[in-house]
Structure formats: structure tokens, C-alpha cells
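Naming: A, B, ... by sequence-line order, numbering from 1 per chain.
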Protein chains: 2
Amino acid sequence: MNPSRRQPVHAATSSSGDELYGITELAAEYGISLRTIRFYEDKGLLAPRRINGGRAYTRRDRVRLGLILRGKAVGMSLAEIEHILSLYGEHGEGHARQLDYLIGRIDAAMAELDQRRRHIETMVAELDKVRGELKRERAARARAAKKRAGAT
Amino acid sequence: MNPSRRQPVHAATSSSGDELYGITELAAEYGISLRTIRFYEDKGLLAPRRINGGRAYTRRDRVRLGLILRGKAVGMSLAEIEHILSLYGEHGEGHARQLDYLIGRIDAAMAELDQRRRHIETMVAELDKVRGELKRERAARARAAKKRAGAT
DNA sequence: CCGAGTGCTTACGTTAACGTCAACAACCTG
DNA sequence: CAGGTTGTTGACGTTAACGTAAGCACTCGG
């Protein structure tokens with residue numbers, strides 16, 4: 001409830017190995033709005049550190065954002081994406097419970113993605129069929145024109 | 001504004017070669033609601049014939065509905081799908097204007113789909129990476145357990 | 001010290017894609 | 001012919017995924 005201080009944050013490409021990025025940098029990089037990034041945070045998909053009241057994103061956060069956008073591009077809801085991000089998240093920082101369960105979950109997610117891929121291939125095949133018909137028709141028209149030319 | 005007559009319509013699998021289907025049949029077949037099908041009609045994605053006030057769908061309508069659902073499954077909006085359906089539609093019933101233009105449009109649509117496919121493959125690769133890490137970790141745990149067993 | 005620039009929060013608005021509900025019509029059945 | 005099933009058309013509600021706008025905080029350049 002207390003906005004307090006500010007500070008650009010931007011590329012802290014200094015001695016520290018953990019480079020940080022500001023929200024506008026990320027927005028520009030991925031071509032999305034600030035509002036969208038904050039929205040993803042509200043949804044729990046991102047959890048940047050706060051520095052002087054401003055959001056500071058790590059490379060890891062950027063990867064997550066990339067996954068979010070890819071997920072959207074292939075038709076996943078933010079809820080589904082959150083699901084996948086949880087798999088992608090911290091596994092091994094000490095407890096690492098149920099490795100088998102996690103691997104199973106990942107397999108399931110991969111299977112679903114594969115299903116979508118097959119859907120796409122089916123649609124491409126359908127379109128290719130139509131394309132073939134059109135090409136044949138065009139060829140037929142060309143032949144007809146040739147014939148007309150020969151008749152005159 | 002006049003609902004008028006009705007009639008089940010259902011499978012007119014009689015002498016006529018153009019089998020017709022009722023809305024409930026389609027809904028059941030594709031596992032969607034009646035409301036959804038009517039909604040697609042409102043959006044211009046479907047245009048079934050009317051028989052006694054009731055909707056009558058042909059095989060062609062079913063194919064279109066299949067494309068709609070596939071499109072949704074891979075993350076296309078209804079507007080985009082309408083776009084593709086227009087390509088899929090009646091080409092050649094007499095006029096067939098701008099064949100080249102149509103073929104170009106189809107190529108563009110296929111390219112977009114291919115882009116989505118690549119996104120999926122990238123995500124699958126990411127997940128596979130995580131999966132590999134988890135498997136290694138599991139193996140390490142197994143070795144540690146073995147060592148403990150040997151020590152006792 | 002003042003205004004521009006950047007960021008934060010809160011809150012209301014918007015669009016897409018349906019769901020839900022009401023009221024009515026036609027049909028078949030007992 | 002009363003009642004149930006199946007269908008139709010509105011009209012309004014809902015959810016997801018943001019957009020837009022208002023108002024305050026802080027910092028920097030002049």
C-alpha cells in the first residue's frame with residue numbers, strides 16, 4: 001500500500017552476474033504493454049524482485065515471459081501456462097519432492113502440445129488440398145486460353 | 001422474427017445423396033453445446049439450410065465445424081478462422097476470380113500455422129530440457145542411496 | 001523549485017466467446 | 001388434448017485478458 005521510492009533499475013550490467021531489467025525494457029523487447037506484464041504478475045505468472053518500489057526482472061523472469069507469450073501463441077490459456085511454468089520452476093533447490101510425479105506431469109504437458117501440433121498439421125494438410133485444387137483449376141484455365149488462342 | 005414450424009430433421013439417410021444432420025447430432029458428435037453452434041452461425045462461420053424452421057447441416061457444414069474447432073484448439077480467434085473458412089469455401093462454382101490471390105492467401109495462412117508449430121516445438125524442447133535435468137537428478141539420488149546402502 | 005518522465009496502485013471499461021434463462025412453437029405420445 | 005421433447009429467438013450474465021484513466025511518488029534537468 002505504500003508506493004514509496006522509485007529508480008529506473010534498468011540494465012545493471014555491472015560487476016554482479018545477475019543482470020536485472022526494468023519493466024519497460026521487457027515490454028519493448030517482447031512488444032507488449034506494461035499493463036500486460038503487470039497483469040501477468042497479478043496472475044502469479046511472474047514475481048519480479050522489488051528494488052526501491054520498482055520491479056526488477058532477472059534472466060529467469062525473461063525466459064518465463066517468453067514461455068508465456070509462446071503459450072499464448074499456440075492457444076493456451078493463462079491458467080494452462082501457469083501450469084507449465086510451475087513445472088519449469090524451481091526443481092531441486094533442496095527438497096525436490098516427487099521427481100517421478102514431476103516428470104510425469106511434464107510428459108503429459110508435452111503430449112498435449114504434441115496434440116496441438118497434430119491439429120495444426122491436419123489443418124495445413126486441408127489447406128494444401130484446397131491449394132492443389134486451385135492450382136489445377138488455374139492450369140485448366142491456362143489450357144483453355146491456349147486453345148482459344150489456337151482457334152483464332 | 002417468426003419461429004414457425006419445426007421438425008427433427010435428423011439423419012435423412014434416405015434415397016437422397018446429401019445427408020442432413022440436426023443441430024443436436026452435431027453438438028453431440030463434437031462435444032459442444034447447441035448455443036455454441038448457433039453462436040458460430042451468428043458469426044457467419046456456419047450457414048445451415050432451414051427446413052421447417054429447423055437447422056439442417058450437410059457434410060460440408062460438418063467439415064467446416066471441424067475446422068473451426070481445430071482452429072480454436074491451436075489458438076486462432078473466430079475472426080481468423082472465418083478468414084480460413086473463406087479460403088476453404090466455394091472456389092470454382094462458376095466465377096473463380098483471382099486464383100493467384102487465393103493461392104497466396106492460403107500460403108500465408110499455412111505460413112502462420114507453421115509459425116505456431118515452431119512455437120510448439122520450441123516449448124516442447126524447453127520442457128524436454130527440464131525433463132532431462134529432473135532425470136539426472138533422480139539418477140543422482142539413486143546413486144546416493146546405493147552408496148548409503150554400501151556404507152552400512 | 002518546477003515540470004517532464006517514469007513507475008506504482010486502484011478502479012472501471014472493453015472485447016471475445018460463450019452460458020443461462022425465458023417465452024414460445026411444433027411435434028409426438030398416451 | 002394435456003404433457004413432454006426438441007427446436008427457435010431474444011436478452012442478459014459471465015469469464016478471460018487485457019486497455020484506459022486517474023492520482024500520487026520519486027527523480028532528474030534546467
Okay, side chain of [X], backbone of [Y]: is any donor-acceptor separation there less than 3.5 Å?
| X | Y | result |
| --- | --- | --- |
| B:Thr122 | B:Arg118 | yes |
| B:Glu80 | B:Ser77 | yes |
| A:Arg70 | B:Arg116 | no |

Interatomic distance where [atom1] belongs to [X] and [atom2] belongs to [N] [whole Å]:
| X | N | atom1 | atom2 | answer |
| --- | --- | --- | --- | --- |
| B:Glu25 | D:dT6 | CD | P | 12 Å |
| B:Glu41 | D:dG10 | CD | C1' | 14 Å |
| A:Leu26 | C:dG7 | CG | P | 12 Å |
| B:Ile23 | D:dT8 | CD1 | C1' | 9 Å |
| B:Tyr57 | D:dG7 | OH | P | 10 Å |

B:Glu126 side chain reached by A:Ile84 side chain, heavy atoms, under 4.5 Å: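 Not in contact.
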
Is the shortest side-chain N/O distance from A:Arg38 to OP1 or OP2 of C:dC8 below 4.0 Å?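 Yes.
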
I want to check one thing: is the phosphate of D:dT8, taken as OP1 and OP2, less than 4.0 Å away from some side-chain N or O of B:Arg55?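 It does, given that an N or O in the side chain of B:Arg55 lies less than 4.0 Å from OP1 or OP2 of D:dT8.
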
Quick one: which of A:Glu19, A:Glu25, A:Glu29 gives a side chain to side chain donor-acceptor pair (under 3.5 Å) with A:Arg62?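 The option that passes is A:Glu29.
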
Write down the protein N/O and nucleotide N/O pairs, taken from nucleotides 16-20 of chain C, whose separation is under 3.5 Å; answer none if there are no such pairs.
from   : atom 1 : to      : atom 2 : distance (Å)
C:dA17 : OP1    : B:Leu78 : N      : 2.8
C:dC18 : OP1    : B:Lys72 : NZ     : 2.9
C:dC18 : OP2    : B:Tyr40 : OH     : 2.8
C:dC18 : OP2    : B:Lys72 : NZ     : 3.0
C:dG19 : OP2    : B:Ser33 : OG     : 2.6
C:dG19 : OP2    : B:Thr36 : OG1    : 2.9
C:dG19 : N7     : B:Arg35 : NE     : 3.3
C:dG19 : O6     : B:Arg35 : NH2    : 3.1
C:dT20 : O4     : B:Arg35 : NE     : 3.0

Is it true that A:Arg64 and A:Tyr88 share a donor-acceptor pair across their side chains at a distance under 3.5 Å?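 There is no such pair (donor and acceptor under 3.5 Å, judged by atom type) between the side chains of A:Tyr88 and A:Arg64.
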
